[in-house]
Amino acid sequence: MGKEVRTRFAPSPTGWLHLGNARTAIFNYLFARHHGGDLILRIEDTDRERSKREYEEAIIEDLKWLGIEWDEGPDIGGEHAPYRQSERFDIYKKYVDELLEKGYAYRCFCTPEELEAEREKAKKEGRPYRYSGKCRNLTPEQVEEYIKQGKPYVVRFRVPDGREIVFNDLIKGEVKFNVNDFGDFVIVRSDGSPVYNFVVVVDDALMEITHVIRGEDHLSNTPKQILIYEALGFPIPKFAHLPIILGEDRSKLSKRHGAVSVRQYRFDGYLPEALLNFLSLLGWYPKDGKEILSKEELIERFDISDIHNAPAVFNKEKLYWMNGVYIREVLDLDDLTRRVLDYLKQYREYLDKKDQKVAEIILSKPYEFVRDVVSKVRDSFFTLKEFPKRAKPFFVEEFELTPDAEKHIQKVTPEVAKQIVSLYLEKVKSMETFGGEDFKKVAKEVAKELKLKPGMVFKTLRVALTGETQGVSLDLLVDAIGKEAVERRLERFLSLLK
RNA sequence: GCCCCCGUCGUCUAGCCCGGUCUAGGACACCGCCCUUUCAAGGCGGAGAUCGCGGGUUCAAAUCCCGCCGGGGGCGCCA
């Protein structure tokens with residue numbers, strides 16, 4: 001109670017968690033934690049048509065996955081429960097009654113058709129549409145009569161004439177609106193359900209939210225909300241409107257731009273730490289310029305006044321790079337290995353057919369072996385999804401030659417390839433032990449004895465051992481799979497040549 | 001149409017509030033070289049922004065003022 005900072009994230013469960021909303025959640029989280037305050041999760045499901053419980057669950061799961069923690073919410077409760085707006089209708093009703101009683105709101109019996117006509121007319125005359133105020137001054141008797149007749153009605157907020165609303169946005173600075181730019185707006189629908197602009201105010205006030213941090217698309221709603229705060233006698237919180245995230249074509253990021261949900265990135269093998277880090281840097285930058293930051297470092301450095309106020313284009317290339325940094329530099333080996341394994345277990349279906357097979361093999365191998373492979377290839381894959389492709393040579397012995405590999409064999413001629421591989425195999429067999437450090441030495445011997453360029457020998461051996469013309473260092477591969485596997489593969493390759 | 005927000009390399013941004021140290025710094029992407037059996041990673045270097053445009057103010061402007069242009073968001077019984 002009475003914490004100095006309380007923020008909230010209030011998604012509506014009409015789809016998966018969108019990157020833009022995720023960033024809003026992150027900023028609310030960072031801000032709250034930086035100030036030792038609380039974050040409240042509230043579900044805005046007043047739109048019964050579009051809200052779905054499964055989306056709510058998905059959003060909660062994605063938020064948790066990202067590493068965001070809240071102190072009160074529908075899943076954990078709290079002293080301001082319930083946290084789903086659909087369960088708070090009684091509360092809203094009380095405040096609607098209060099507004100009605102005090103004259104701040106009134107019942108409007110206009111039909112959708114009438115309103116549509118008003119809108120048309122305004123458009124034709126080239127002036128901005130505003131509700132005419134037709135029902136503004138109905139007498140109590142008229143209202144009673146209409147109600148008795150069973151006429152449906154909405155409740156509208158009575159907007160005072162000519163008021164200028166000024167507020168100091170934490171990001172935008174001083175913002176002014178003239179209340180005449182919008183007419184008396186609806187706060188309760190004809191089906192009795194209250195509308196967003198009204199319920200946010202009631203909830204934010206009752207939940208003692210001190211800082212409302214949300215997307216810039218809500219900026220023009222703010223004056224309406226301030227009017228309601230005032231009418232209800234609630235203290236007005238501080239507002240901070242985040243610049244929105246744009247797609248490559250500089251329009252608001254949406255499905256058209258491809259993957260825009262947190263979940264999609266998860267399926268694509270992104271790490272939550274990387275996504276959190278990246279999203280934090282969209283419109284905000286730490287003073288010391290450090291880009292790779294843990295959650296704790298982000299919390300420590302986060303300062304809302306450093307938020308850039310121009311919209312930011314979502315640059316997936318950089319996210320991709322950053323994910324790679326987390327894979328090769330940030331996570332410790334066991335952690336990384338665990339994540340690779342978990343990913344393959346859970347999201348195998350998102351891999352190519354070929355990679356799915358590789359994934360199965362990987363999952364069948366002992367943990368230590370997989371970890372060893374991960375340590376050897378971690379600087380060459382950028383998403384978890386790419387691991388099977390990169391690690392394939394370590395796991396698959398019955399491979400086919402890629403077109404490039406095929407071409408290479410034709411180029412050196414199958415005869416010479418056979419010579420190289422046979423001689424190499426012979427040498428390996430004659431050795432007591434054969435490890436990564438021997439690989440190069442023996443290859444050079446072979447090149448010398450056959451009077452061939454070392455490069456050609458190496459490439460041929462690569463094809464013989466992996467079926468590919470490029471990939472991990474062969475000494476690392478040999479180290480991991482061991483002498484016997486090398487012999488098996490070389491023999492198999494020779495048999496393939498026949 | 002009306003209201004509001006925004007405008008530094010292709011992109012994310014530092015600097016702008018408190019004019020000079022900015023011949024505008026960093027990161028991603030791009031190009032080259034090095035390392036290397038290949039790819040990747042890594043190291044080094046390069047190219048890339050007359051700070052949207054035009055006027056002022058000033059000895060001096062990315063930084064202050066004005067106008068314009070451009071981009072975006074909002075104008076619902078959606079949130």
Side-chain angles (χ1 to χ4, degrees), chain A residues 10-14 44-47 49-51 85 108 110 112 115 119 122-123 125-130 152-156 169 171-173 175-178 180-183 185-197 199-200 214-223 241 243-244 246 248 250-252 278 281-287 289-292 305-306 308-322 324 328-329 377-382 390 439-440 443-444 447 453-463 466 468-475:
Chain A
S12 44
T14 54
E44 311 227 315
D45 57 350
T46 56
D47 182 353
E49 297 276 307
R50 300 194 300 148
S51 300
Q85 293 184 329
C108 166
C110 295
L115 297 175
R119 213 167 277 140
K123 204 176 164 189
E125 291 168 13
R127 59 183 166 81
Y129 168 72
R130 252 171 283 139
Y153 64 88
V154 300
V155 178
R156 286 184 187 271
D169 190 278
I171 293 167
K172 303 288 177 192
V175 183
K176 287 182 197 164
F177 282 93
N178 191 307
N180 284 356
D181 292 329
F182 45 86
F185 54 91
V186 173
I187 58 174
V188 180
R189 302 184 184 90
S190 53
D191 68 357
S193 63
V195 136
Y196 166 78
N197 271 128
V199 297
V200 243
R214 80 234 295 199
E216 193 182 345
D217 41 343
H218 289 281
L219 189 59
S220 47
N221 282 324
T222 310
H241 288 92
I244 56 165
L246 270 26
E248 236 108 283
R250 308 210 116 256
S251 69
K252 195 173 169 183
F278 178 76
L281 259 33
L282 232 43
W284 173 77
Y285 218 68
K287 287 202 175 68
K290 194 172 181 234
E291 287 197 309
I292 304 298
S305 65
D306 290 338
H308 193 65
N309 39 17
V313 174
F314 179 69
N315 179 196
K316 38 179 175 312
E317 297 272 311
K318 191 158 182 176
L319 169 58
Y320 181 72
W321 164 79
M322 193 174 274
R328 82 181 87 92
E329 292 170 22
V377 303
R378 69 185 295 178
D379 55 10
S380 65
F381 66 105
F382 284 70
R390 194 65 194 181
F439 176 81
K440 199 185 211 169
K444 283 191 170 156
K453 277 192 200 159
M456 179 194 259
V457 172
F458 277 111
K459 201 165 184 180
T460 305
L461 288 169
R462 176 178 295 284
V463 170
T466 70
E468 294 167 12
T469 52
Q470 52 178 241
V472 269
S473 289
L474 292 172
D475 52 350

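Below, read A as the first sequence line, B as the second, and so on, with proteins coming before strands; counting in each chain starts at 1. Side-chain atoms are counted along with the backbone in the values below, which use heavy atoms only and exclude waters and symmetry mates.
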Atom pairs and distances, donor-acceptor, side-chain atoms in residues 468-475 of chain A, under 3.5 Å, two or more places apart:
none

Output the rounded distance in Å from [atom1] ([X]) to [atom2] ([N]).
| X | N | atom1 | atom2 | answer |
| --- | --- | --- | --- | --- |
| A:H241 | B:rC4 | NE2 | P | 15 Å |
| A:D306 | B:rA14 | CG | P | 8 Å |
| A:N309 | B:rC16 | CG | P | 13 Å |
| A:K459 | B:rU37 | NZ | P | 14 Å |
| A:N221 | B:rC3 | CG | P | 18 Å |
| A:D169 | B:rC5 | CG | P | 10 Å |
| A:M322 | B:rU13 | CE | P | 12 Å |
| A:D475 | B:rU37 | CG | P | 9 Å |

When the [atom1] atoms of [M] and [N] are compared, how many Å lie between them, rounded to an integer?
| N | M | atom1 | result |
| --- | --- | --- | --- |
| B:rG56 | B:rC12 | P | 32 Å |
| B:rG15 | B:rA27 | C1' | 16 Å |
| B:rA62 | B:rU50 | C1' | 11 Å |
| B:rG45 | B:rG26 | P | 11 Å |
| B:rC5 | B:rC66 | P | 14 Å |
| B:rC31 | B:rC39 | P | 14 Å |
| B:rU21 | B:rC16 | C1' | 15 Å |
| B:rU38 | B:rG71 | C1' | 46 Å |

Next item on the list: For A:D306, check side chain to side chain donor-acceptor pair (under 3.5 Å) against everything at least two apart and list the hits.
Entry: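 Partners of A:D306 by the side chain to side chain donor-acceptor pair (under 3.5 Å) criterion, ordered by chain and then number, come out as A:K287.
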Notebook entry, point to check: What residues form a side chain to side chain donor-acceptor pair (under 3.5 Å) with A:K176, not counting sequence neighbours?
Noted result: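 Expected list: none.
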Check: [Y] and [X] side chains under 4.5 Å, non-hydrogen atoms:
| X | Y | value |
| --- | --- | --- |
| A:F382 | A:R328 | yes |
| A:L461 | A:F439 | yes |
| A:I244 | A:E216 | yes |
| A:I292 | A:E329 | no |
| A:L319 | A:F314 | yes |
| A:L281 | A:P286 | yes |

Regarding [X], tell me which of base, sugar-phosphate or nothing describes its non-hydrogen contacts under 4.0 Å with the strands shown.
| X | answer |
| --- | --- |
| A:S12 | sugar-phosphate |
| A:P112 | base |
| A:F381 | nothing |
| A:L282 | sugar-phosphate |
| A:V200 | nothing |
| A:F439 | nothing |
| A:G283 | sugar-phosphate |
| A:F182 | nothing |
| A:L281 | sugar-phosphate |
| A:V154 | base |

In chain order, what residues pass the side chain to side chain contact (heavy atoms under 4.5 Å, CB included) check against [X], with sequence neighbours excluded?
| X | result |
| --- | --- |
| A:D47 | A:E49, A:R50, A:S51 |
| A:N178 | A:N180, A:D181 |
| A:V200 | A:R8, A:R42, A:E44, A:Y196, A:D204, A:Q225 |
| A:K318 | A:F278, A:E291, A:N315, A:W321 |

Counting side-chain heavy atoms from C-beta on, which of [options] comes nearest to [X]?
| X | options | answer |
| --- | --- | --- |
| A:N315 | B:rC6, B:rC77, B:rC28 | B:rC28 |
| A:A312 | B:rC12, B:rU38, B:rG76 | B:rC12 |
| A:V195 | B:rA79, B:rA29, B:rC2 | B:rA79 |
| A:R328 | B:rU37, B:rC4, B:rG42 | B:rG42 |
| A:H308 | B:rC16, B:rC77, B:rA79 | B:rC16 |
| A:A310 | B:rU37, B:rC6, B:rA79 | B:rC6 |
| A:L219 | B:rC77, B:rC4, B:rC39 | B:rC4 |

Margin query: Is it the case that the base of B:rC39 and the side chain of A:S380 share a donor-acceptor contact (distance under 3.5 Å, atom types as modelled)?
Written below: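 Per atom types, no contact qualifies.
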Next item on the list: Spell out yes or no: do the side chain of A:S473 and the base of B:rU38 have one donor N/O and one acceptor N/O closer than 3.5 Å?
Entry: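 Donor-acceptor pair under 3.5 Å: yes.
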For nucleotides 24-26 of chain B, tabulate all protein N/O to nucleotide N/O atom pairs closer than 3.5 Å, reporting atom names and distance.
| from | atom 1 | to | atom 2 | distance (Å) |
| --- | --- | --- | --- | --- |
| B:rG26 | N2 | A:Y285 | OH | 3.1 |

Which one is paired to [N], where only Watson-Crick or G-U wobble pairs with both distances under 3.5 angstrom count?
| N | result |
| --- | --- |
| B:rC30 | B:rG46 |
| B:rG1 | B:rC75 |
| B:rG7 | B:rC69 |
| B:rC17 | none |

Next item on the list: Quick one, give me the B/S/- string for nucleotides 63-72 of chain B, reading 5' to 3', where B means a protein heavy atom under 4.0 Å from the base and S means that only happens at the primed atoms, P, OP1 or OP2.
Entry: ---------S
Item checked: Inter-residue atom distance A:R214.CZ - A:N221.CG, 0.5 Å rounding ->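 Here the interatomic distance stands at 6.5 Å.
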Next item on the list: Flag as yes if A:W321 stacks onto the base of B:rC28 (centroids under 5.5 Å, planes under 30°), otherwise no.
Entry: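 A:W321 ring does not meet the centre or angle cut-off for B:rC28; no stack.
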Notebook entry, point to check: Does the side chain of A:R130 get closer than 4.0 angstrom to OP1 or OP2 of B:rG76 through an N or O atom?
Noted result: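 A:R130 to B:rG76 OP1/OP2: no side-chain N or O under 4.0 Å.
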Checklist line | Comparing A:D181 and A:V313 on RNA chain B - which has the more 5′ nearest nucleotide | finding: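 Per heavy-atom nearest nucleotide, the more 5' residue is A:D181.
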Item checked: Closest-nucleotide ordering on RNA chain B, the 5'-leading residue of A:T469 and A:D379 ->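 The residue mapped nearer the 5' terminus is A:T469.
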